[in-house]
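One structure below.
All figures in this text were calculated on a predicted structure; none of them were measured in a lab. Just follow the structure's listing: the first ligand is 1, and inside any ligand the first atom is 1.
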Amino acid sequence: MEFDFDDPALKAALALHEGQKRQGPGSRATTECLLRLAAPLPERPRILDLGSGAGAATLALAEIEGAKVTAVDVYPPFLEQLRAAAETAGVADRVDVRLGSMADLDDLEDGCLDLVWSEGAAYNIGFGDALASWRRLLAPEGALVVTECGWITDEPSTEAKEYWEAAYPLRSTGENVDQATAAGYTVAATYLLPDGDWLDTYYAPLMARAEQSDPADPHAVAAAEDLRREYRLYREHGHEYGYVGYVLRPR
Ligand code: SAH
């Protein structure tokens, strides 16, 4: 999927996420848990955070002693927010930002990274394609950590199925593990993100923001309504789908 920033509907949807700490489900605790599962890392690890948004994960990764983290995103306001947050956190010297697509990393050399990270973003270019195209970037002892939304029940409700068929067809954790294996990885661990990673750190501030959107702007009204629909679905059917973190090593 390529972003068309002239599309007012997309602009309104993205605007809701500006200024938020996270642009997708997750938490500091989850990032740290996944990082422990990806250990050990070499000294001065070289890290890429793909679809970084405003850098919720980037900032945690930048706390690793001697780390060099490059955050990649297509949306300039998120990268500006990330840069400012890195300054405030005192880790600006460990963080680079790169405006561009995570599907367009051809200039990076094979094996140049110890850790490739991507929370809640791989779906933008398709999970399987993302995994396949990022593999060559990893050093032999490197790891890829990626979170992806999927079914966590064998029998999803019609309502949840209809929503996700239209938004982004989900697979089960087992199917995503199969895709990772087919893309040349071994699966070191999987971790289901807890409910709080959706409700407390993601939806709570976002829904508050949606309530303040400009009633005179039809695109803002529509974006807020889409978000409310997504939130209601999670409240009613969130036990049927979830984000799962995959800790992968190149085979
Ligand atoms: N990782 C962040 C953001 C997740 S939201 C977090 O967990 O908070 C998904 C992000 O992917 C958005 O910031 C969006 O701008 C970005 N994105 C979408 N398509 C992209 C692409 N092709 N290349 C890089 N980033 C992309």
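- Heavy-atom proximity to G100, at under 4.0 Å, picks out these atoms of ligand 1: 23 (N), 24 (C).
- Counting only non-hydrogen atoms, the option in Q20, H17, Q23 that gets closest to atom 6 (C) of ligand 1 is Q23.
- Under 3.5 Å, the side chains of Y75 and E18 contain a donor-acceptor pair of N or O atoms.
- The distance from ligand 1 to the heavy atoms of G120 drops below 4.0 Å at these ligand atoms: 4 (C), 5 (S), 9 (C).
- When each of D104, D73, D107 is tested with R98 by the rule salt bridge (Lys or Arg N to Asp or Glu O under 4.0 Å), just one qualifies, namely D107.
- With a 4.0 Å cut-off on non-hydrogen atoms, S52 touches ligand 1 through its backbone and not its side chain.
- For ligand 1, the polar-atom distance check finds no N/O of K21 at less than 3.5 Å from any of the ligand's N/O atoms.
- Two rings, from Y231 and Y234, have their centers 6.0 Å or more apart.
- At a cut-off of 3.5 Å, with distance as the only test, a side-chain donor of E230 or Y203 sits close to an acceptor on the other residue.
- Checked against a 3.5 angstrom limit, the closest N/O atoms of M102 and ligand 1 fall inside it.
- Chaining together hydrophobic side chains whose heavy atoms lie under 4.5 Å apart leaves V221 on its own.
- Contact annotation: for V74 versus ligand 1, heavy atoms closer than 4.0 Å belong to both the backbone and the side chain.
- Near A121, the atoms of ligand 1 lying under 4.0 angstrom from a non-hydrogen atom of the residue are 9 (C), 11 (O).
- In this structure N176 satisfies the side chain to side chain donor-acceptor pair (under 3.5 Å) test together with R171, Y246, sequence neighbours excluded.
- When only modelled atom types and interatomic distance are considered, H17 and Q20 share no side-chain donor-acceptor pair under 3.5 Å.
- In this structure, W198 has its ring center closer than 6.0 angstrom to the ring center of Y241.
- Near E119, with a cut-off below 4.0 Å to any heavy atom, the atoms of ligand 1 are 1 (N), 2 (C), 4 (C), 7 (O).
- When each atom of ligand 1 is checked for a heavy atom of Y75 under 4.0 Å away, the hits are 15 (O).
- Among the atoms of D73, some N or O lies under 3.5 angstrom from an N or O of ligand 1.
- In the vicinity of G24, heavy-atom distances shorter than 4.0 Å reach the ligand 1 atoms 8 (O).
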